[in-house]
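The block underneath contains the structure these notes are about, expressed in structure tokens.
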Amino acid sequence: MVYQGHNALKGLIIMVYSNFIDLIDLNDRPVSWWKKVIELGAEIAGHPEEYSDACKGKIMATLFYEPSTRTQMSFQTAMLRLGGTIIGFDNPATSSVAKGENLKDTTKIVSGYADIMVMRHPSEGSAKAAAISAECPIINAGDGRHLHPTQTLTDLLTLYKEKGRLDDLTIGICGDLRNGRTAHSLCKALAEFRGNSFVLISTPTLRIPAYITDILSARGCPYKEVNTIEEAIGSLDMLYMTRIQRERFESEEEYAAQKDIYCLDRRKMAMAGRDMIVLHPLPRVDEIAMDVDEDKRALYFKQAKYGMYVRMALIITMLSEKDNKTLLLSGRVHNGVKCTNPRCITNSEHYLPKSFRGTRDTLECEYCDERVMLEF
Ligand code: NCD
């Protein structure tokens, strides 16, 4: 980690690196790197047994501060299938976190035991915060409402295998687009390929954050925001369903007002093209009727399996990357400015340097990407 900078009217310039190549946000890496991982994932899916010694002697730590079935188990299975071993916790209440240990100390200690560390945490920006003090590469397995890069690698491998391409697609994403980190990472990734257009299906309350639509605009991707599945489904190559994220709402009443609005059923599937595929990061609550599972276009269970293969590819790739570094922070620290997102990691782990990019009028937090209003 390196700090540089000078005191200027606009704030102290900060540069913070980790000593490893981390995976915090897929868009930190070039598309050629994603393609390499996806192609290796496809290759492994065909012959998984050929990789059974690929990570022999290596240890992966999984730190799950939030519930998980697929992400945690697919990472663990991936490492075991590669001949490596695993340590970690999935219930912070049984670790020293329950005694009040901060993220920096837990990360520093566990990353000193392992060769690679996978972390899921309820606060936005937590993976980047962990990478600042980690002593091995970190993989973000979901940081609050923010990002979920390895789900996106799963989604891209599924698209690559099942549609044969990652470009020229009309992509529908439906559900809780405000709180759904899988939707955010997927939009950012698919915006990097030519000819993709987006139909964002949500209630007005659950629209995708402005920083994501800004990225779509900057990449020249056409998008529209609509309220119903019916008005979009006929034009889609892929429909990505997501659940309403109950745990991210301020109150039960707010959740109750949003739940049960979307349900993909056979009647709606009949309005879709023959080649449209349905993906879902899972878990499903009630946004896809069970009888849709029998439809050949419903690929979400297959997608979960691709998740294991792409994570095998990711672990192999990241463990073979040596002597490198990741730029984590390169913004400015403004005295007295704090991130206005209450769930940003900087608001619970107070020792973190609060760093913002952009100009005085439009500052964005470098951990959670939210826009910050300056107060003097
Ligand atoms: C997603 C997650 O945790 O963000 N699940 C997953 O990783 N497969 C989606 C969700 O919880 O709704």
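Everything numeric in this text was worked out from a predicted model, so none of it was measured. Atoms within each ligand, like the ligands themselves, are counted from 1 in listed order.
- Residue contacts with ligand 1: L282 is placed with a nitrogen or oxygen under 3.5 Å of a nitrogen or oxygen of the ligand (distance criterion only).
- Classification of the H146-Y211 ring pair by plane angle, with boundaries at 30° and 60°, yields tilted.
- Shortest contact from atom 3 (O) of ligand 1 to any protein heavy atom: R181 NH2, 2.9 Å.
- The closest approach between P281 and ligand 1 falls below 4.0 Å for a heavy atom of the residue.
- Judged by a 6.0 Å distance limit and a 45° cone about the ring axis, R120 is not positioned over the six-membered ring of F64.
- At under 3.5 Å, not a single nitrogen or oxygen of T182, backbone or side chain, sits near a nitrogen or oxygen of ligand 1.
- Distances below 4.0 Å separate heavy atoms of R243 from the following atoms of ligand 1: 10 (C), 11 (O), 12 (O).
- With ligand atoms numbered from 1 in the order given, ligand 1 contributes 6 (C), 7 (O), 8 (N) to contacts under 4.0 Å with heavy atoms of T71.
- Residue Q245 approaches ligand 1 through these ligand atoms, each under 4.0 Å from one of its heavy atoms: 10 (C), 12 (O).
- Taking the six-membered ring for Trp and the full ring otherwise, Y255 and F249 have centroids separated by under 6.0 Å.
- Heavy atoms of other residues, nucleotides or ligands lying less than 6.0 angstrom from CZ of R178 number more than 12.
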### Message
What verdict does the salt bridge (Lys or Arg N to Asp or Glu O under 4.0 Å) test give for E162 and R297, after you've listed the backbone C-alpha separation in whole Å, the side-chain angles of each residue and the deciding distance to 0.1 Å?
### Response
CA-CA 10 Å; E162 302 294 330; R297 297 167 292 180; over 6 Å; no
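- The only member of L239, I288, L264, T228 that meets side-chain contact (heavy atoms from CB on, under 4.5 Å) when paired with C174 is L239.
- At a 4.0 Å cut-off, not a single heavy atom of S68 sits close enough to ligand 1 to count as contact.
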